[in-house]
There are 2 protein chains.
Amino acid sequence: MRHVDVYRAIADRTRRAILDELVDRSGQSLFEICGRLTMKHGISSSRQAISQHLEVLEAAGLVRTRREGRSKLHWFVGAPLKAIGQRWPDSTDEDTSHSTEEDIEK
Amino acid sequence: MRHVDVYRAIADRTRRAILDELVDRSGQSLFEICGRLTMKHGISSSRQAISQHLEVLEAAGLVRTRREGRSKLHWFVGAPLKAIGQRWPDSTDEDTSHSTEEDIEK
DNA sequence: ATGTTATGCAAGCATAGACTTGCATGTCAA
DNA sequence: TTGACATGCAAGTCTATGCTTGCATAACAT
C-alpha cells in the first residue's frame, strides 16, 4: 500500500464520497462512515470495502486517523489536494512555465 | 468512451505527462507528443497507447482537437480541473458547507 | 496511380484494482 | 471470564483498463 499518489486516491467515486462525508462531519468511525454513505450517498458497499478505501486515502495522506478505544476515528486532510489545483494553468492561459511530473509526484 | 470523469482522466501518470507536454507547447500532433514524451519524460509507449490516452483526455474535456491536413492537433483545456481544487476545503478547515457528488460530477 | 506519412479502429492480453468471504484480533460491558 | 462490538488481515473473484498487434483509412508528394 506504499506509494499511493493523490491522483489515484481520488479517482474512485466512493473514495470521493468518503472525503465529502469526513468534511461534513469530522472524526467519524468506520461504522459511522458506512452508515452515512448508505443513507446520504446511496452507496451500499461492505464494511471491508470502505475500510480498504480508507487505507488508500490514508496512504495518500488525505485522511488522518486516531484509535479511540475500539473505534478508529478519521479526519480529512486537504493539503495534498492543493498541488493538483496548482499544477496546470487556467484554460486559455498559455504560460510557458510548467511543473514537471517529478516536482509534485512522490 | 462516453462519461469519462476528470478524476479518472488524470489518475494515469502518462496522461498527466501529456497534459504537461501540451501546456509546454500547444497544438502538437500525435507524433510530436509521442516524440517529446519519450525525450523529455522518459515514457516509451507506443503511438496507439498515446492515442488512446488522448481519447480519454478529450472525452474528459481536458483536451481540444482540430484536424490539420493529415495531422490532428491537440490543445490543453484546464477548465474542468478547477472544480477539483474547489471541491474540498483547506486542511484544518472544518467548514460545515460542502459540495455533494451530484454538484460536480456529470 | 503509387507510395509514404499520420492517424483510426478493433480484437486480444495481462495487470491492477474494487469487492467479497471467512476468520483473527482487540476492546469494553456485564 | 464471557460475549458482543469494532476493526484488521488474507486469499480469492471479477471487472476495468492500459497496452499491444494487425489492418484500415485518409492526406499529401512524386
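Every chain is numbered from 1, with letters handed out A, B, ... down the list of sequences.
Protein atom CG of A/Leu37 is 15 Å distant from nucleotide atom C1' of C/dC19, rounded to whole Å. Taking atom CG of residue A/Leu73 and atom P of nucleotide C/dT27, one finds them 14 Å apart after rounding to whole Å. Between the NE2 atom of A/His53 and the P atom of D/dG8 there is a distance of 15 Å, given to the nearest Å. As rounded to whole Å, 14 Å separates atom C1' of C/dT7 from atom CD1 of B/Ile50. Rounding to whole angstrom units, CZ of residue A/Arg70 and P of D/dC5 are separated by 8 Å. At whole-Å resolution of the value, CD in B/Gln52 and C1' in C/dC13 are 13 Å apart. The separation between B/Leu57 atom CG and D/dG18 atom C1' is 13 Å, rounded to whole Å. Look at CZ on A/Arg8: it is 9 Å from P on C/dA18, rounded to the nearest Å.
The side-chain heavy atoms of B/Asp20 and A/Trp88, taken from C-beta on, include a pair separated by under 4.5 Å. For the pair A/Leu62/A/Val56, no side-chain contact is recorded, criterion being any heavy-atom separation below 4.5 Å from C-beta on. B/Arg13 is not listed as a side-chain neighbour of A/Asp5, based on a closest heavy-atom distance of 4.5 Å or more.
Residue order along DNA chain C, read from the 5' end via each residue's closest nucleotide, puts B/Ser71 first among B/Ser71 and A/Gln48.
At least one side-chain nitrogen or oxygen of A/Arg15 sits closer than 4.0 Å to the OP1 or OP2 atom of C/dA18. An OP1 or OP2 oxygen of D/dG8 is reached within less than 4.0 angstrom by a side-chain nitrogen or oxygen of A/Ser51. In this structure, B/Lys72 does not reach the C/dA6 phosphate: none of its side-chain N or O atoms is under 4.0 Å from OP1 or OP2.
With distances taken from any side-chain atom of A/Ala49 to the nucleotides D/dT17, C/dT20, C/dA6, the minimum falls on C/dT20. When distances run from any side-chain atom of B/Ser45 to the nucleotides D/dC19, C/dC28, C/dG17, the shortest one goes to D/dC19.
Considering A/Arg64, A/Arg15, A/His74 in turn, A/Arg15 is the only one that fulfils the side-chain contact (heavy atoms from CB on, under 4.5 Å) rule with A/Leu57.
A/Arg47 comes within 4.0 angstrom of a base, heavy atoms only.
Using a cut-off of 4.0 Å between Lys/Arg side-chain N and Asp/Glu carboxylate O, B/Arg36 and B/Asp24 are scored as salt-bridged.
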